[in-house]
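Report on the structure given below.
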There are 2 protein chains.
Amino acid sequence: MSLTIGELSRQTQVKVPTIRYYEQIGLLAEPARTVGQQRRYGSDDVRRLNFIRHARELGFEVDAIRQLLDLTAAPSRSCGEVHEITKAHLTEIKDKIVRLTALRDELEAMVACDHRKISECRIIEVLADHGQCQHAEH
Amino acid sequence: MSLTIGELSRQTQVKVPTIRYYEQIGLLAEPARTVGQQRRYGSDDVRRLNFIRHARELGFEVDAIRQLLDLTAAPSRSCGEVHEITKAHLTEIKDKIVRLTALRDELEAMVACDHRKISECRIIEVLADHGQCQHAEH
DNA sequence: TCTTGAACCTCTAGCCGCTAGAGGATGTAG
DNA sequence: CTACATCCTCTAGCGGCTAGAGGTTCAAGA
């Protein structure tokens, strides 16, 4: 199974120049090339690139994604090391879930707006005050 | 209650130049100024800016944040309009929660790694294949 | 086999969302 | 009435893409 960069782009919803950019910054390995220097990809690349896209949409920085990807790629890593990296990201992820859930609940209340005046809207408050990130490390 | 830009920055964890930038692009209203042109903020600004920071950390673009903020600020809006905007964001938010939850579960399994070889790690798969976003609109 | 056009290549420049620094003015504490 | 941290504006740079110029490749059809 061999995909052109355009086919990879269609399957992952990641634009062609972005794929080349990810290669350039080392997020994606350099793929095989045809005699005429065109890139050819395999199904591993599809999965990896899908992961990258989702992670970016979820607000992770490229460096964080690189770390997460490295977790899966380095079976030689010590368990403790993996533990540390993973725990740091877990904290971040749980925090995001809490905040997204609060936002979702508030928006859901707004959608059921027949019993609610817009002026009562508390969208801002729901993310503004709790400060879950105050003690996070990043 | 009147805050300097530096105090606002400390309370919200948003850097001073970023606050000025948000003002420049219209995310934050132009604040009152002293005679010497220094900015002075109130507690509304603290809440609004906290909201913006959280939303950005959750991966929302500035335009999306602007829309969400507008929901709270425009009591003249028709209910249907608010409904539409809100529903679109709700879809996005729910999707993010699903994906973050999947990622959290997988990382949690990794943290309990004494019973698991790293080579079994499925971090990529968990976000790679489900394609929840395939039918989203943006 | 040869042609043709979509898709590929590299390279450079630009956009968004910040962030840092120069060079100078403000304002509060002592 | 200083002193100096903080503020101001302005410009330039960085991370993460995105678009376009100018040229090459390659597979499908004549």
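Each chain gets a letter, A, B and so on, in the order its sequence line appears, and its residues count up from 1.
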Answer yes or no for A/Lys96 and A/Phe60: cation-pi contact, defined as NZ/CZ to six-membered ring centre under 6.0 Å and angle to ring axis within 45°. yes
For the pair made of CD in A/Glu30 and C1' in C/dC9, what is the distance, rounded to whole Å? 14 Å
Can you tell which of A/Leu69, A/Ile19, A/Leu49 makes a side chain to side chain contact (heavy atoms under 4.5 Å, CB included) with A/Leu27? A/Leu69
Tell me whether the OP1 or OP2 atom of D/dG16 has a side-chain N or O from A/Arg53 closer than 4.0 Å. no
Specify the separation, in whole Å, of atom CD1 of A/Ile19 and atom C1' of C/dA7. 13 Å
Scan B/Ile25 against the nucleic acid and name what it touches under 4.0 Å (heavy atoms): base, sugar-phosphate only, or nothing. nothing
Select one nucleotide: of D/dC17, D/dA27, C/dT28, the one nearest the side-chain heavy atoms of A/Arg40. D/dA27
Does B/Arg66 or B/Gly36 map to a spot on DNA chain C nearer the 5' end, using the closest nucleotide for each? B/Arg66
Start at the 5' end of DNA chain C and walk down; is the nucleotide closest to B/Val35 or to A/Arg10 reached first? A/Arg10
Which nucleotide in C/dG17, C/dC8, D/dC7 has an atom nearest any side-chain atom of B/Arg20: D/dC7
Between D/dG16 (P) and B/Arg56 (CZ): distance, integer Å: 13 Å
Under-4.0 Å side-chain N/O to phosphate OP1/OP2 contact, A/Arg39 with C/dC9: yes
Checking A/Glu23, A/Glu7, A/Glu30 against A/Arg39 for salt bridge (charged side-chain N to carboxylate O under 4.0 Å, His left out), the one that qualifies is A/Glu23
Rounded to the nearest Å, what distance is computed from the CG atom of residue B/Leu27 to the P atom of nucleotide C/dG17? 9 Å
Presence of A/Thr34 side-chain N/O under 4.0 Å of D/dC26 phosphate oxygens OP1/OP2: yes
When you get a sec, tell me which of D/dT9, C/dT19, D/dC17 is the closest nucleotide to the side chain of B/Arg33? D/dT9
As a test of reading the structure: which of C/dG17, C/dC18, D/dC17 is closest to the side chain of B/Tyr22, going by heavy atoms? C/dC18
Separation of B/Glu7 atom CD from C/dT28 atom P, in whole Å? 10 Å
State whether the side chain of B/Ser9 and the backbone N or O of B/Val14 hold a donor-acceptor pair below 3.5 Å, judged by distance alone. yes
By nearest nucleotide on DNA chain D, pick out whichever of B/Thr4 and A/Tyr21 is the more 5' one. B/Thr4
Could you state the atom-to-atom distance from CD of A/Gln13 to C1' of D/dT18 in whole Å? 17 Å
Looking only at side-chain atoms of A/Gln38, point me to the closest of D/dC17, D/dT25, C/dG17. D/dT25
At their closest point, which heavy atom of A/Arg66 faces which heavy atom of A/Ile25, and how far apart are they? NH1-O, 2.9 Å
Expressed in angstrom and rounded to an integer, what is the separation of B/Lys15 atom NZ from D/dC14 atom P? 15 Å
Mind calculating the distance between OH (A/Tyr41) and P (C/dC8) to the nearest angstrom? 10 Å
